[in-house]
Amino acid sequence: MSDHDSAAPMLRTPLYDLHVSLGARMVPFAGYEMPVQYPDGILKEHNHTRSQAGLFDVSHMGQVMLVGPDAAAALETLVPVDIVDLPVGMQRYALFLNERGGVMDDLMVANFGDGRLFVVVNAACKEQDIAHMQQHLSGRCKVEVLADRALLALQGPAAGAVMTRLAPETARMVFMNTATVTLVGAECYISRSGYTGEDGFEISVPADKAEALAKELLSHPEVAPIGLGARDSLRLEAGLCLYGHDLDQNTSPVESSLLWALSKVRRADGARPGGYPGAAVVFEHIAQGVARKRVGLRPNARVPVREGAELVDADGRKVGVVTSGSFGPTLEAPVAMGYVESALAKPGTQLAAMVRGKPVPVEVASTPFVPQRYHRG
Amino acid sequence: MSNVPSTLKYTKSHEWIRVEDDGTLTIGVTDHAQEALGDIVFLELPEAGRALSAGEACAVIESVKAASDIYAPVAGEVIANNQDAIDAPESVNADAYSAWLFKLAPANAADVAALMDAAAYEAEIAQA
């Protein structure tokens, strides 16, 4: 129970007191004390999010505004994604790549118009990412770290109805739309997106209004607070990557099965090819293929198959490794993802995962494991 | 506050032990342990006939988040495991003292007498 392996003092989000008052179990995560679960527990919290709406504190994530007429072109020098043509009011998934084509972090970029790009990065990577942007972009645009904003996520089939009560104009938003709206008297940046596979919103709110907004959202009968434990099982069922586990500095976007995120115009035969770190490696991986790929895995047994488990073929030869694995409450079965030799990446391929020295049969499966239910209008 | 029945024996690793009339032991995990583990989704329990040494990791209890070992409180031979608990792991969360995990014939009765009583276990978990 003592996970404090760092001497550095733990940081707290503006919702720390609220979490404690709601009975959360707080754990260290990416340098913050975060709620892993509330008294209901992970299974109920997971199922509540799938059936109604869950409120998540993701204020530990990094929020940055890139400002200036050249911001989009500048950001394109760091990501293999079309930012220049990202419409105003739209958000897009992107990746920071290193010189070897490895993934430094995954992020969301939203075009707020007037030369303003709103960027959200992972908590564990934010210092690196901010330094990366300051080093490479500050000559072309302003890199403003929004340290005084909290980030909430409202996720689930009732999220749209709840948000419409607070801000009727959000009813028009579809998946990946963004808007600036006033909630609890504060200017909030909203995107219709999330990390659960459900419809929902991420809401950037001034830190001093975060608790008021969280309490307002929790006052709606459909909304319950949800911890990081259920956030992980929800995103895994939705087939979404967790940086540092399913993606890292040594996995390229092609190996990570994130080819869909590489905009056509930034590929070798596109209108604005390359021009970002690792482009040569990415082009080679697209053209030549890769030796290993990220896949979904369904254990054909009740035992959870977890991160680090070796994957073997019928002859017992090591062919890959599990990078995320847990019990999927919606599936009522274990789910996992991992990397396997590309020849074995086809859904339906039978492999085994080694769990405590014993082979557990697993089948390569397409993701998402649970259908995504984004609001596409 | 966790439920710690006074009629049972305990270990520092959060197993409970009920000494049956015939001297055999019925073993589970404590209410404190199930609370700390959270939602339990899988149990791997030792088979009847397996010889265990004291403190041996002999079973696995998995919550949504993680797998944890369960240890033999004393040396002995496994008599039975609880198939009902294997089939419904959540029963350990519902009532940790009804959902026993396995039964053990202890090698030495004296080992059993040396296990913690409820007061000692309560003091143990109060420190943690």
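Since this is a predicted model, take the numbers as computed values, not measurements. No hydrogens, no waters, no symmetry mates; every other heavy atom, side chains included, goes into these values. Per chain, numbering begins at 1; letters A, B, ... match sequence-line order.
Residues A:Lys358 and B:Glu44 are paired through a salt bridge, judged by an N-O separation under 4.0 Å between the basic side chain and the carboxylate. The pair B:Lys65-A:Glu307 fails the salt-bridge criterion, with no side-chain N (NZ, NE, NH1 or NH2) lying under 4.0 Å from an Asp/Glu carboxylate O.
Here the CZ-CG distance, from A:Arg356 to B:Asp69, works out to 8.0 Å after rounding to the nearest 0.5 Å. Between atom CD1 of residue B:Ile86 and atom CZ of residue A:Arg302 there is a gap of 9.0 Å, rounded to the nearest 0.5 Å.
More than 12 heavy atoms of other residues, nucleotides or ligands sit less than 6.0 Å from atom CG of B:Asp22. Counting non-hydrogen atoms of neighbouring residues, nucleotides and ligands closer than 6.0 angstrom, the CD atom of A:Glu332 reaches no more than 12 such neighbours.
Proximity to chain A (any heavy atom under 4.5 Å) is shown, for B:Ala67, by both the backbone and the side chain. There is no contact between B:Ile40 and chain A, counting heavy-atom distances below 4.5 Å.
The two residues B:Val64 and A:Ser326 come nearest to each other via the heavy atoms O-OG, 2.9 Å.
For the options A:Ile42, A:Asp232, A:Val36, heavy-atom pairs under 4.5 Å to chain B are most numerous at A:Ile42.
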